[in-house]
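Some notes on the structure that comes next.
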Number of protein chains: 2
Amino acid sequence: MGRAKIAMELIQNDKKRKITLNTRKQGLVKKARELATLCDVDFSMIIYTDDQETPHKSSLRNQINSTV
Amino acid sequence: MGRAKIAMELIQNDKKRKITLNTRKQGLVKKARELATLCDVDFSMIIYTDDQETPHKSSLRNQINSTV
DNA sequence: CCGCCTATGCTTAGAAC
DNA sequence: AGTTCTAAGCATAGGCG
């Protein structure tokens, strides 16, 4: 099946939400890189995510810093 | 005409580059908002652009801070 | 400049493996 | 859990008003 339309609201299902986060984060970074390349601009992007995979390692928020 | 494919390199034409910057920046912010909504993450994005429209007003770089 | 349009290509949700 | 596939939906280049 192709892409189904999803509601613009918090995804309740943990697994789906995590997949969506990763997929879309990737797409976002790609687009950011493209913009930086096409228009010669400096770019900084920070996504603060709760790391739900290793809660025992840290209760602090992880910082994913994508500098392009 | 529909969307033409563009090369992934610096857009030399000033006018085109500026249009592309604005259009894509808008799209990027939209996607960032979606990601923040769908996955409940905090998001910060900064694009440093040379303001080519008012070079007489400031030689400093403008900082466009889109916090979602 | 701004907005609208439309064709085209890119993104990505869901499935199948 | 990862990988790959596919099509639905979305982003957007270029044109026009």
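When reading the values below, keep in mind they use all heavy atoms of this one structure, side chains included, and skip hydrogens, waters and symmetry mates. Order of the sequence lines sets the chain letters (A, B, ...), proteins ahead of strands, with each chain counted from 1.
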Taking it one step at a time, do B:Asn22 and B:Lys25 satisfy side chain to side chain contact (heavy atoms under 4.5 Å, CB included)? CA-CA 5 Å; B:Asn22 286 324; B:Lys25 180 162 58 63; 4.3 Å; yes

Could you go through nucleotides 8-12 of chain C and list every protein N or O atom that sits under 3.5 Å from one of its N or O atoms, giving the distance for each pair?
{"unit_1": "C:dT11", "atom_1": "OP2", "unit_2": "A:Lys30", "atom_2": "NZ", "d": "2.7"}
{"unit_1": "C:dT12", "atom_1": "OP1", "unit_2": "B:Lys31", "atom_2": "NZ", "d": "3.1"}

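Within the model, atoms CZ of B:Arg24 and NZ of B:Lys31 stand 11.5 Å from one another, a figure rounded to the nearest 0.5 Å. We find the CD1-CG distance between B:Ile46 and A:Asp42 to be 11.0 Å, quoted to the nearest 0.5 Å.
For the side-chain contact (heavy atoms from CB on, under 4.5 Å) test, residues two or more places apart in sequence or in another chain that qualify with A:Lys30 are A:Glu34. Among residues two or more places apart in sequence or in another chain, the side-chain contact (heavy atoms from CB on, under 4.5 Å) test is passed with A:Lys5 by none.
Distance, B:Lys25 NZ to D:dT12 C1': 15 Å, rounded to whole Å. Atom CD in B:Glu9 sits roughly 15 Å away from atom C1' in D:dA13 (whole-Å rounding). Across the protein-nucleic acid pair, A:Asn13 atom CG and C:dA13 atom P stand 13 Å apart, rounded to whole Å. A straight line from CD1 of B:Ile19 to C1' of C:dC2 spans 11 Å, rounded to a whole angstrom.
Taking 4.0 angstrom as the limit, B:Lys18 places a side-chain polar atom (N or O) nearer than this to OP1 or OP2 of C:dC1. Between A:Lys16 and C:dA13 there is no side-chain polar atom (N or O) within less than 4.0 angstrom of OP1 or OP2.
Within 4.0 Å of A:Lys15, counting heavy atoms only, lie sugar-phosphate atoms of the nucleic acid but no base atom.
Shown here for A:Tyr48 and B:Val41, the closest heavy-atom pair between the two residues is O-CB, 3.4 Å.
Taken over five-pair windows at either terminus, the axes of the helix from C:dC2-D:dG17 to C:dC17-D:dG2 are inclined to one another by 30° (rounded to 10 degrees).
Of the candidates A:Asn13, A:Asp14, A:Thr20, A:Arg17 forms a side chain to side chain donor-acceptor pair (under 3.5 Å) with just one, namely A:Asp14.
Within the hydrophobic cluster formed by Ile, Leu, Val, Met, Phe, Trp and Tyr side chains joined at under 4.5 Å, directly or through other members, B:Ile11 is accompanied by A:Leu38, B:Ile6, B:Met8.
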